[in-house]
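Input: a single structure, listed below in structure tokens.
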Amino acid sequence: MIIDDKKGIELALEEAKKGYAEGGVPIGALLVSGDGQILGRGHNMRFQKNSAILHAEMSALENAGRMKGNVYKDCTMYTSLSPCDMCTGACIMYGIKRVVLGENTTLVGGEGYLKSRGVEVVNMDNQDCKDIMAKFIKERPDDWYEDIGQEK
């Protein structure tokens, strides 16, 4: 299956829904190679794994496994929500050239920093991504603020 931006966000949202169904934060991501192949996919697992760092993007990178550094240089990270500073840093560290996000109404993460480092950032402004986050935050505001490292 070859992944384009629309399909990439659909699959990231699918991962977000999996995370929500497991009792976690509904954010999903996937890492896709330059030729459109999925290398790794994942969702936020902080609550499921009692982890401080398993955000969706980190989970997708973890599930991709170890790869030579040059593999990342042609990749796109698809994420249902604007990446936080930690996930932004991981994208920069590995030289991921594009980040496509489902939305940034809920959170504006490190988009400016990504752009300043030459990363192409595309916001798909996807309503389904906004809706699942709004539902989660309404149901579990304390968990949301914990996930982004803030006080309510």
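As the structure is a prediction and not an experimental result, all values here were calculated from the model. We count residues from 1, following the sequence as given.
- Within the 3.5 Å criterion, the main-chain N or O of P83 finds a donor-acceptor partner in the side chain of T88.
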**Message:** Before you tell me yes or no, could you show the steps for D4 and K7 under side chain to side chain contact (heavy atoms under 4.5 Å, CB included), namely the whole-Å CA-CA distance, both residues' side-chain angles and the distance that decides it to 0.1 Å?
**Reply:** CA-CA 5 Å; D4 62 13; K7 186 66 174 174; 3.2 Å; yes
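- Remark: the backbone N or O of Y94 is paired with a side-chain donor or acceptor of K73 at under 3.5 angstrom.
- When every heavy atom of G102 is checked against every heavy atom of C129, the shortest pair comes out as CA-SG, 3.9 Å.
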**Message:** Before you tell me yes or no, could you show the steps for D143 and R46 under side chain to side chain contact (heavy atoms under 4.5 Å, CB included), namely the whole-Å CA-CA distance, both residues' side-chain angles and the distance that decides it to 0.1 Å?
**Reply:** CA-CA 10 Å; D143 290 341; R46 288 191 68 246; over 6 Å; no
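- No more than 12 heavy atoms of other residues, nucleotides or ligands shown are found within 6.0 angstrom of CG on N50.
- Here CD1 of I9 is found 11.0 Å from CG of D125. Values are rounded to the nearest 0.5 Å.
- The cluster map of Ile, Leu, Val, Met, Phe, Trp and Tyr, joined by side-chain heavy atoms under 4.5 Å apart, puts V25 and M45 in different clusters.
- H43 contributes atom NE2, which lies 5.5 Å from atom CD of Q48 (distance to the nearest 0.5 angstrom).
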**Message:** Is there a side chain to side chain contact (heavy atoms under 4.5 Å, CB included) between M67 and L31? Walk through the geometry before answering.
**Reply:** CA-CA 12 Å; M67 297 183 289; L31 184 67; 3.8 Å; yes
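- The pair E10-K6 meets the salt-bridge criterion, since a charged nitrogen lies less than 4.0 angstrom from a carboxylate oxygen.
- Here E14 does not pair with K17 in a salt bridge; the nearest charged N to carboxylate O distance is not below 4.0 Å.
- Nearest heavy-atom pair, H55 versus C84, reported as atom, atom and distance to 0.1 Å: ND1-SG, 3.3 Å.
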**Request:** I would like to know whether L61 and I96 meet side chain to side chain contact (heavy atoms under 4.5 Å, CB included); could you show each step before the answer?
**Result:** CA-CA 11 Å; L61 287 165; I96 294 168; 4.2 Å; yes
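- To the nearest 0.5 Å, the span separating CD1 on I132 from CD1 on I137 amounts to 11.0 Å.
- No path of Ile, Leu, Val, Met, Phe, Trp and Tyr side chains, each step under 4.5 Å between heavy atoms, connects I53 with W144, placing them in separate hydrophobic clusters.
- Put simply, the side chain of S80 never gets that close to the backbone of A12: no donor and acceptor are under 3.5 Å apart.
- Clustering ILVMFWY residues whenever any of their side-chain heavy atoms sit less than 4.5 angstrom apart, transitively, puts I92 in a cluster other than the one holding M58.
- The minimum heavy-atom distance linking G28 with A16 is given by the pair N-CB, 3.5 Å.
- One hydrophobic cluster, built from ILVMFWY side chains closer than 4.5 Å, holds both V119 and L39.
- S59 approaches G42 most closely through the heavy-atom pair OG-CA, 3.5 Å.
- In this structure, the side chains of I38 and L11 come closer than 4.5 Å at one or more pairs of heavy atoms.
- Checking side-chain atoms of N63 against main-chain N and O of R41 turns up a donor-acceptor pair under 3.5 Å.
- Residue S33 comes nearest to C75 through the heavy atom pair CA-SG, 4.0 Å, listed as atom of the first residue, atom of the second, then distance.
- Formation of a donor-acceptor pair under 3.5 Å by the R140 side chain with backbone atoms of G23 is found in this model.
- Inter-residue side-chain proximity for M133 and I27 is flagged as met; some heavy-atom pair is nearer than 4.5 Å.
- The 12-atom threshold is exceeded at CZ of F47, counting heavy atoms of other residues, nucleotides or ligands nearer than 6.0 Å.
- Looking at C91 and L114, their side chains come closer than 4.5 Å, going by heavy atoms from C-beta outward.
- Cluster annotation: Y72 is not connected to Y78 through the hydrophobic network of ILVMFWY side chains, with a link wherever side-chain heavy atoms come within less than 4.5 Å.
- By the 4.5 Å heavy-atom criterion applied to side chains, E57 and V99 are not counted as neighbours.
- Taking 4.5 Å as the limit, every side-chain heavy atom of E15 sits out of range of all side-chain heavy atoms of L30.
- The NZ atom of K130 sits 8.5 Å away from the OG1 atom of T106 when rounded to the nearest 0.5 Å.
- A donor-acceptor distance shorter than 3.5 angstrom exists from the side chain of E103 to the backbone of T105, with no hydrogens or angles considered.
- Atom-to-atom distance recorded for N123:CG and E111:CD is 6.0 Å, nearest 0.5 angstrom.
- Between the OG1 atom in T79 and the CE atom in M124 there is a gap of 13.0 Å [rounded to 0.5 Å].
- In terms of modelled atom types and a separation under 3.5 Å, the side chain of S82 and the main chain of G109 share a donor-acceptor contact.
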